[in-house]
2 protein chains.
Amino acid sequence: MPENITTNHRATIDDVARYAGVSIATVSRVVNTTGQVAQSTRERVFDAIAALNYTPHAAAKGLASRRTNTLGLIVSEISGAFFQPMLKGIEAGVRAYGYDLLIHSTPRDHQGHASRYPLGEYNTDGLLIFTNSLNEAEITRLYQTGLPMVLLYRAPPPGLEIPTITFENKSGARKLVDYLIEQRGKRRIAFLRGPQENEDSYWRELGYRDSMAAHGITVDESLIGDGEFDEYIARRIVNEWIKQNLTLDAIFAGDDESALGAYAALNENQIRIPQDIAVVGFDDIPIARYLSPPLTTVHVPIEMTGCVAVDQLMRLIRGGNADLLTLLPTELVIRRSCGNKESATP
Amino acid sequence: MPENITTNHRATIDDVARYAGVSIATVSRVVNTTGQVAQSTRERVFDAIAALNYTPHAAAKGLASRRTNTLGLIVSEISGAFFQPMLKGIEAGVRAYGYDLLIHSTPRDHQGHASRYPLGEYNTDGLLIFTNSLNEAEITRLYQTGLPMVLLYRAPPPGLEIPTITFENKSGARKLVDYLIEQRGKRRIAFLRGPQENEDSYWRELGYRDSMAAHGITVDESLIGDGEFDEYIARRIVNEWIKQNLTLDAIFAGDDESALGAYAALNENQIRIPQDIAVVGFDDIPIARYLSPPLTTVHVPIEMTGCVAVDQLMRLIRGGNADLLTLLPTELVIRRSCGNKESATP
DNA sequence: CTGAAAGCGCTTACAG
DNA sequence: CTGAAAGCGCTTACAG
């Protein structure tokens with residue numbers, strides 16, 4: 001040992017350099033494998049690193065290199081069926097690139113006030129933005145700073161070229177309604193749509209209308225309900241339908257949450273699923289298969305969505321160009337709520 | 001405007017200082033409200049900040065102040081019923097303190113190799129550690145660096161004084177089994193315990209045994225099954241019990257996941273819940289109320305657990321002392337799976 | 001109440 | 001292949 005360094009605190013690049021008898025520039029080159037370093041020198045540096053238990057200091061590294069090695073994720077809230085699998089996919093992707101992940105959930109009331117925003121160019125190399133967690137003005141502002149970003153489940157504000165990741169909502173809904181009509185003989189199919197600004201809902205409704213039209217069925221607009229993708233609101237709507245004595249033979253809940261509401265309303269009125277009315281949802285949330293009867297729905301690859309988003313973002317960060325739109329495939333999952341004969345798997 | 005600064009990139013503290021006609025030290029004092037600054041000066045600085053849309057650079061701040069303003073969370077994986085509500089609580093807490101949150105999920109195979117660990121003294125001011133996401137050796141190492149940390153749902157390695165947050169598993173289990181015995185007249189109560197090293201399971205089993213003993217019932221050890229807190233393993237165990245023709249009038253699944261397995265096994269054998277056998281769980285996961293019949297279980301305040309953990313960690317970070325053990329209360333939730341007459345809420 | 005200056009731990013041209 | 005040195009954007013004694 002060249003020296004007896006006994007700082008009681010963390011080793012710095014200086015300590016390593018002194019210990020190995022080289023300059024800090026060389027240590028930096030070894031650590032980051034940037035530039036040529038003689039094999040023997042490299043080994044001495046590695047020994048020093050091991051002996052001193054050296055770990056580079058993230059903030060210093062970030063300051064000097066003008067990179068943070070951190071990706072930011074902005075979500076509207078940490079809950080909902082989407083959050084967990086999406087985060088899982090994102091985390092896996094982020095780790096694969098050796099990056100860190102900073103998460104921020106925007107309180108509903110946060111509206112701009114630019115200089116205080118907790119995630120941005122100063123602490124991340126790029127941003128993943130979940131649906132409506134950020135308004136258009138904020139997205140535009142960030143975009144103009146040149147910060148790479150990728151949107152999840154939403155289109156960019158007009159004119160901005162920001163990659164978007166989502167899944168095939170329209171064709172998924174189309175397949176689902178096709179199935180109800182062709183295989184189950186349904187014709188009076190109600191639709192519970194989501195919030196006005198929700199793009200998933202928008203495309204699902206389009207798929208529904210396409211299917212109906214393709215089969216020559218006129219959509220009865222009184223069978224379109226604003227379920228808001230909310231269990232309790234959906235329940236109220238379906239209860240109203242029942243009270244009004246509307247004839248319908250199937251309910252297409254725009255998401256599984258509202259399907260829960262439909263189940264509740266039908267149960268309350270002793271209307272049997274699927275014997276009296278079929279119910280189908282969208283998303284395939286974990287609960288779906290445990291309901292009685294198990295819910296027919298469309299499976300969406302949420303986790304993969306997170307992975308792909310990170311991939312695209314990294315391409316941007318590394319100066320490449322990303323795909324403006326990535327549509328991940330969805331899959332029809334037939335369970336008993338639409339009347340088939342498959343056995344339950346509780 | 002004193003000057004016409006047209007850097008095409010982010011404003012720095014220098015820009016602000018020049019614009020306001022003060023030193024960077026003064027800007028720093030205004031921004032961080034540290035030290036006295038004349039009212040008029042402060043206003044000039046604020047104007048400059050607004051005009052230049054200045055945001056402090058996190059990495060530089062961290063470097064200079066030797067703080068990161070970031071908390072780290074280590075989890076074993078981003079899934080499981082605990083993760084989401086826990087993270088929600090943590091995020092809320094972290095934001096309340098104006099901190100950032102860095103999340104890292106440890107791959108199963110990660111074993112030490114100290115110098116490469118992605119979360120530590122160099123990028124966080126403190127760590128939240130979820131159950132067994134880190135082994136004792138790693139925890140000990142981090143502890144010795146002096147990094148503040150708090151454990152969730154696990155005790156510290158012997159000899160280390162690290163605050164732990166968990167809930168009243170034992171008394172929760174005790175209340176639950178008391179109820180089965182006293183209100184439902186059960187006596188042959190099987191128990192599906194969790195993994196060996198799982199501390200929640202350990203305490204729940206103790207609560208179970210306490211209750212049995214208190215009511216003069218000898219525990220039949222053949223009715224203790226290693227369900228591993230896993231739906232499919234639990235299902236297999238219960239199927240074995242049925243095959244062996246064991247008499248039992250209730251199953252206490254150590255967690256709701258294993259209760260799902262019990263449900264499946266009983267269903268497969270046409271054994272009715274609760275008429276033939278009562279089933280109860282622990283945790284009150286979201287699915288619990290949707291099962292048929294809805295599951296009687298013990299509600300655990302997971303989200304609050306996250307908040308409290310952040311509070312304790314911040315006390316440590318700020319140099320105060322935290323509570324070594326925080327036990328959050330649990331609550332019995334009676335539903336139909338143990339045979340009461342309450343109506344379903346599907 | 002304010003400023004000059006050292007220093008935080010790195011990276012990165014630049015020169016050799 | 002290697003080193004000296006400037007510089008990243010801040011904070012914080014220290015002086016006044």
Side-chain angles (χ1 to χ4, degrees), chain A residues 5 7 9-46 48-49 52-70 100 115 120-125 145, chain B residues 5 7 9-46 48-49 52-70 100 115 120-125 145:
Chain A
I5 300 169
T7 40
H9 270 322
R10 328 180 35 218
T12 70
I13 197 173
D14 277 290
D15 300 326
V16 176
R18 223 172 311 144
Y19 191 103
V22 299
S23 73
I24 62 167
T26 297
V27 176
S28 174
R29 288 190 192 101
V30 171
V31 169
N32 302 299
T33 56
T34 140
Q36 306 274 52
V37 178
Q39 178 61 28
S40 59
T41 310
R42 192 181 307 127
E43 278 166 10
R44 285 219 311 289
V45 172
F46 276 135
I49 288 175
L52 301 175
N53 196 10
Y54 168 69
T55 320
H57 188 287
K61 203 165 174 159
L63 220 208
S65 65
R66 299 152 150 298
R67 281 181 285 99
T68 64
N69 248 272
T70 301
D100 281 333
S115 64
E121 333 84 67
Y122 43 95
N123 58 359
T124 61
D125 294 343
T145 70
Chain B
I5 301 170
T7 41
H9 270 323
R10 328 181 36 218
T12 69
I13 197 172
D14 276 292
D15 300 326
V16 176
R18 223 172 311 141
Y19 191 103
V22 299
S23 72
I24 61 167
T26 297
V27 176
S28 175
R29 288 188 194 103
V30 171
V31 170
N32 302 299
T33 57
T34 138
Q36 306 276 54
V37 177
Q39 178 59 28
S40 59
T41 309
R42 193 181 306 130
E43 277 166 11
R44 285 220 309 290
V45 172
F46 275 134
I49 288 175
L52 301 175
N53 196 9
Y54 167 70
T55 320
H57 189 288
K61 203 165 175 159
L63 222 208
S65 65
R66 300 152 149 296
R67 281 181 285 100
T68 63
N69 248 272
T70 301
D100 281 333
S115 65
E121 331 83 68
Y122 44 97
N123 58 359
T124 61
D125 294 343
T145 69

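Side-chain N/O atoms of B:T41 include one lying less than 4.0 angstrom from OP1 or OP2 on C:dT2. Not one side-chain nitrogen or oxygen of B:T26 sits closer than 4.0 Å to the OP1 or OP2 atom of C:dT2. Put simply, A:S23 has no side-chain N or O that comes within less than 4.0 Å of OP1 or OP2 on D:dT2.
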A:N69/A:K61 under side chain to side chain contact (heavy atoms under 4.5 Å, CB included): CA gap, chis, key distance, verdict
CA-CA 9 Å; A:N69 248 272; A:K61 203 165 174 159; 5.6 Å; no
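Nearest-nucleotide positions on DNA chain C for B:R29 and A:K61 put B:R29 closer to the 5' end.
Heavy atoms of B:A25 sit under 4.0 angstrom from at least one base atom. Using a 4.0 Å heavy-atom criterion, one finds that B:D14 contacts no nucleic acid atom at all. The residue B:T34 sits apart from the nucleic acid: no heavy atom pair falls under 4.0 Å.
For the pair A:Y54 and A:I13, the minimum side-chain heavy-atom distance is below 4.5 Å. A heavy-atom distance below 4.5 Å is found between the side chains of B:V37 and B:T26. Side-chain atoms of B:V30 and B:T41, non-hydrogen and from C-beta on, never get closer than 4.5 Å to each other.
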Polar atoms only, N or O, under 3.5 Å: list the protein pairs with nucleotides 6-8 of chain C and their distances.
from: C:dC8; atom 1: O3'; to: B:R66; atom 2: NH2; distance (Å): 3.4
from: C:dC8; atom 1: O2; to: B:A64; atom 2: N; distance (Å): 3.3

Dot-bracket for DNA chain D, 5' to 3', with Watson-Crick and G-U pairs under 3.5 Å, [ ] for crossing pairs and | for other-strand pairs: what is it?
|||.||||||||.|||
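Spacing between atom NE2 of A:H57 and atom P of C:dT11 amounts to 12 Å, rounded to whole angstrom units.
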